[in-house]
Amino acid sequence: MSTVRCRIAPSPSGFLHIGTAKMALFNWLYARKTGGTFVLRLEDTDAERTDEAFVQAMCEGFKWLRVDWDEGPAFGEEGPRGDLGPYRQSERKALHQEAGLRLLAEGKAYRCFCSKEDLDAEREAAQKEKRHRKKCPCRLLDPAEGEQRKDEQHTVRFMVPEGHTEVADLVQGTVKTDNRELDDFVILKPNGDPIFHLAVVVDDALMQITHVIRGDDHLTNAARHVLLFDALGYERPQFAHLPMVLDDKGKKFSKRLHGANVLDWRDDGYLPEALINYVALLGWTPAEENRELFTIEELQAAFAPERWSKSAARFDRKKLDWLNGQHIRALEPAKLQARLVAILKGAGFDTAQKDDAWFATLTEVCQEKLSTLNQIVELSDFFFQEVTEYEEKPVKKQWQVEGAAELMTQLIACMEGVEDWNRDTLKAAYHALGEETGVGLGKMVHPTRLALTGKSIGPGLFELAELLGKETSLTRMRKGLEYIATL
RNA sequence: GGCCCCAUCGUCUAGGCUGGUCUAGGACACCGCCCUUUCACGGCGGCGACACGGGUUCAAAUCCCGUUGGGGCUACCA
């Protein structure tokens, strides 16, 4: 049994797109599931659109996603690896040309001297008259004549045979195409550069790719590729054309949209394992029914192409949020803590003033509440900066009422009386005060929260007060009391 | 225009191949209740779909045809 070899072949003409990431992920997961090899190949033949900066950007995307490859070119900071290289298409031109010329020599391709204008005119006429395009006259040219004129400007076209082409697709089933729909396509440009179709086929064959898993925008192209595989005497790989990723409106996920760049999700506080989990679910259903939450390792074990979906799916941010929250909750506290500290630091807060134990407590208190890592900022900013303003609504409800000042005064006294300051002692003190005065706990908690944080929502009050410390808490309470006097 | 692919709750989907067990199951979102100092988490419940039209059949979400809608290809881009 030959081992599985699959690949992702991105064109480094921008950042790592979410759609490319899906295809990479499916290939990668499939390779990992089967114990096969995952190859990265850069399709950088279009020099105008390729840029080393994009190579770096894409590498960052893959790295963050934790999608690693077994063979590939030097990519970003990664060194090259693999024996079937080079893995940059631009360095494989000679191989492509060799294949093209071989087809020419075998009479399976021909030199075409038609002008672009004539070709365009015929294409237009054919469309208007609702007929297939006429065969190019060069097709009938004596190969010897073509050989003679080879210094003239020309392209090399593949001679599509008559009949039908069938592509066996893992996802789409067998797709049959009338070869008349595929007119003799160009395989070598006038400057000798290969066209995409030739390059992929040659590279996939030479790199011994067994499974071509890619977007269904290539489904029609697959017929051309199969023809080329056959003509070149290469074994056809197994094809699987996956639906592309749609945005929330059901349109193709545009490059311009926020979230199109995989790193947007990193910057927005998402976990790579959550994104991977989500995207995998976007086109694959676990055999185990009613299960959605998977770690990367679990995904690698469960992933099966029998359950790949044929229909396109929209990207639903809300569901990703939920999954992200689930993954955050599943995270080891120490790991979560490290990520949260980094985010707070990045937000400009002086994290050095707190110690490790303090952050451990903060993490413990917030782990259940986060759906994205970045939410830690709004959840805990008041620990790092003074409360300078109070939310309007809770001020009205808690402070702009009869007896608010008296209550605050009582609460301050109550706090002052707490000797060993922590969540339990403070809570006990509040309970005691409540019993004494007959005021409900909620009536005391909310004004206190407002004074300590300026907000109406946040971590548990006693927990956050513990974290804030007695002194700071009291200072803020007194400040709140002063504020009440101005109302 | 031609050709190809797709079509179940708002969204992701199960079921379809091997019609009856589907008055269509789950998840997210939404709504309500419970838990609760807030928010979140968790628990319970609710709302909510087989695109449309024909056909085959005793019986169709499931099979066939058509229509509509969406996507793709139709390059000397990848």
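Letters go in sequence order (proteins before strands), and every chain restarts at 1.
- Ring planes of A:Phe384 and A:Phe359: parallel class, angle under 30° (limits at 30 and 60°).
- Taking atom CZ on A:Phe253 and atom P on B:C12, their separation rounds to 14 Å, with Å as the unit.
- Here A:Lys455 lies out of heavy-atom contact (under 4.0 Å) with every strand.
- When distances run from any side-chain atom of A:Thr285 to the nucleotides B:A14, B:C5, B:A78, the shortest one goes to B:A14.
- In this entry the distance linking NE2 of A:His431 with P of B:U36 reads 11 Å, nearest Å.
- One atom, CD of A:Gln172, and another, C1' of B:A7, lie 13 Å apart when rounded to the nearest Å.
- Comparing A:Asn290 and A:Glu181 by the nucleotide of RNA chain B whose heavy atom lies nearest to each, the residue mapping closer to the 5' end is A:Glu181.
- Contacts of A:Ser371 with the nucleic acid, taken as non-hydrogen atoms under 4.0 Å apart, are absent.
- Looking at heavy-atom distances under 4.0 Å, A:Arg123 makes contact with sugar-phosphate atoms alone, never a base.
- The residue A:Asn221 sits close to a base: some heavy atom pair falls under 4.0 Å.
- Both distances falling under 3.5 Å, in either a Watson-Crick or a G-U wobble arrangement, place B:C3 opposite B:G72.
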Original post:
Step by step, would you call A:His241 with A:Asp169 a side-chain hydrogen bond (donor to acceptor under 3.5 Å, both in side chains)?
Top reply: CA-CA 7 Å; A:His241 288 93; A:Asp169 193 281; 2.5 Å; yes
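- Whole-Å rounding puts the A:Phe462 CZ to B:U38 C1' distance at 12 Å.
- Within 4.0 Å of A:His197, counting heavy atoms only, lies at least one base atom of the nucleic acid.
- A centroid separation of less than 6.0 Å is found between the aromatic rings of A:His225 and A:Phe196.
- Distance A:Asp216 CG to B:G72 C1': 7 Å, rounded to the nearest Å.
- Figure legend. B:A59 is base-paired to no nucleotide; pairs are counted as Watson-Crick or G-U wobble with both atom distances under 3.5 Å.
- Using a 4.0 Å heavy-atom criterion, one finds that A:Lys251 contacts the sugar-phosphate atoms exclusively.
- A salt bridge is absent between A:Glu43 and A:Arg214; no separation between the charged side-chain nitrogens and carboxylate oxygens falls under 4.0 Å.
- Ion pairing of A:Arg314 with A:Asp248 is absent here, as no side-chain N (NZ or NE/NH1/NH2) approaches a carboxylate O to less than 4.0 Å.
- Among B:C73, B:U11, B:U37, the nucleotide with an atom closest to any side-chain atom of A:Glu463 is B:U37.
- A:Pro459 comes within 4.0 angstrom of a nucleotide base, judged by non-hydrogen atoms across all strands.
- Atom CZ of A:Phe196 is separated from atom P of B:C76 by 14 Å (rounded to the nearest Å).
- Among the protein residues, A:Leu219 comes within range of the sugar-phosphate backbone only, with heavy atoms under 4.0 Å from sugar or phosphate atoms but none that close to a base.
- Here A:His241 lies out of heavy-atom contact (under 4.0 Å) with every strand.
- Using atom P as the reference point in both B:G26 and B:C17, the two lie 22 Å apart (nearest Å).
- Of the C1' atoms belonging to B:C22 and B:A61, the separation is 8 Å, rounded to the nearest Å.
- Contacts of A:Glu391 classified as salt bridge (Lys or Arg N to Asp or Glu O under 4.0 Å), with partners at least two apart in sequence or in another chain: none.
- Taking a cutoff of 4.0 Å between a charged side-chain nitrogen and a carboxylate oxygen, A:Glu273 and A:Arg339 qualify as a salt bridge.
- Comparing B:C64 with B:C4, their P atoms sit 16 Å apart, to the nearest whole Å.
- In the set B:C4, B:G15, B:C76, B:G15 carries the atom at the smallest distance from any side-chain atom of A:Arg307.
- Taking atom P on both B:C52 and B:G69, the two are 15 Å apart, rounded to the nearest angstrom.
- Nucleic acid contact for A:Phe185: none, since no nucleic acid atom lies under 4.0 Å from a heavy atom of the residue.
- Checking B:A51 for Watson-Crick or G-U wobble geometry (two distances, each under 3.5 Å) identifies B:U67 as its partner.
- At a threshold of 4.5 Å between non-hydrogen side-chain atoms, the residues A:Val226 and A:Phe239 count as touching.
- Contacts of A:Arg423 with the nucleic acid, taken as non-hydrogen atoms under 4.0 Å apart, are absent.
- Taking atom P in both B:A49 and B:C3, one finds a spacing of 36 Å when rounded to whole Å.
- Taking the six-membered ring for Trp and the full ring otherwise, the centers of A:Phe303 and A:Phe26 sit less than 6.0 Å from each other.
- Judged by a 6.0 Å distance limit and a 45° cone about the ring axis, A:Arg149 is positioned over the six-membered ring of A:Phe113.
- Here the separation of B:G19 from B:G55, taken at their C1' atoms, is 15 Å to the nearest Å.
- Across all strands shown, A:Gly215 has no heavy atoms under 4.0 Å from either base or sugar-phosphate atoms.
- Residue A:Lys176 places no side-chain N or O under 4.0 Å from the OP1 or OP2 atom of B:C3.
- Within 4.0 Å of A:Arg291, counting heavy atoms only, lies no atom of the nucleic acid at all.
- A:Glu122 has its CD atom 14 Å from the C1' atom of B:U74, to the nearest Å.
- With a 3.5 Å ceiling on both atom-pair distances, B:A29 lacks any Watson-Crick or G-U wobble partner.
- Side-chain proximity of A:Arg449 to B:U11, B:U37, B:A78: nearest is B:U37.
- Rounded to whole Å, the separation between the C1' atoms of B:G48 and B:U13 comes to 15 Å.
- Listed by residue number, A:Asp316, A:Lys318, A:Lys319, A:Trp322, A:Gln326 are the residues of residues 315-327 of chain A with a heavy-atom contact under 4.0 Å to RNA chain B.
- Set against B:U37, B:C76, B:G72, the side chain of A:Met244 has B:G72 as its closest nucleotide.
- Going from the C1' atom of B:G71 to that of B:C31 covers 34 Å, rounded to whole Å.
- Sequence order on RNA chain B of the closest nucleotides to A:His132 and A:Thr155 puts A:His132 first from the 5' end.
- Note on A:Arg214: nothing from the nucleic acid sits closer than 4.0 angstrom, heavy atoms only.
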Original post:
Run the side-chain hydrogen bond (donor to acceptor under 3.5 Å, both in side chains) check on A:Asn179 and A:Thr165 step by step: do they pass?
Top reply: CA-CA 6 Å; A:Asn179 288 359; A:Thr165 303; 2.5 Å; yes
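- Distance CZ (A:Arg133) to P (B:C3): 16 Å, rounded to an integer number of Å.
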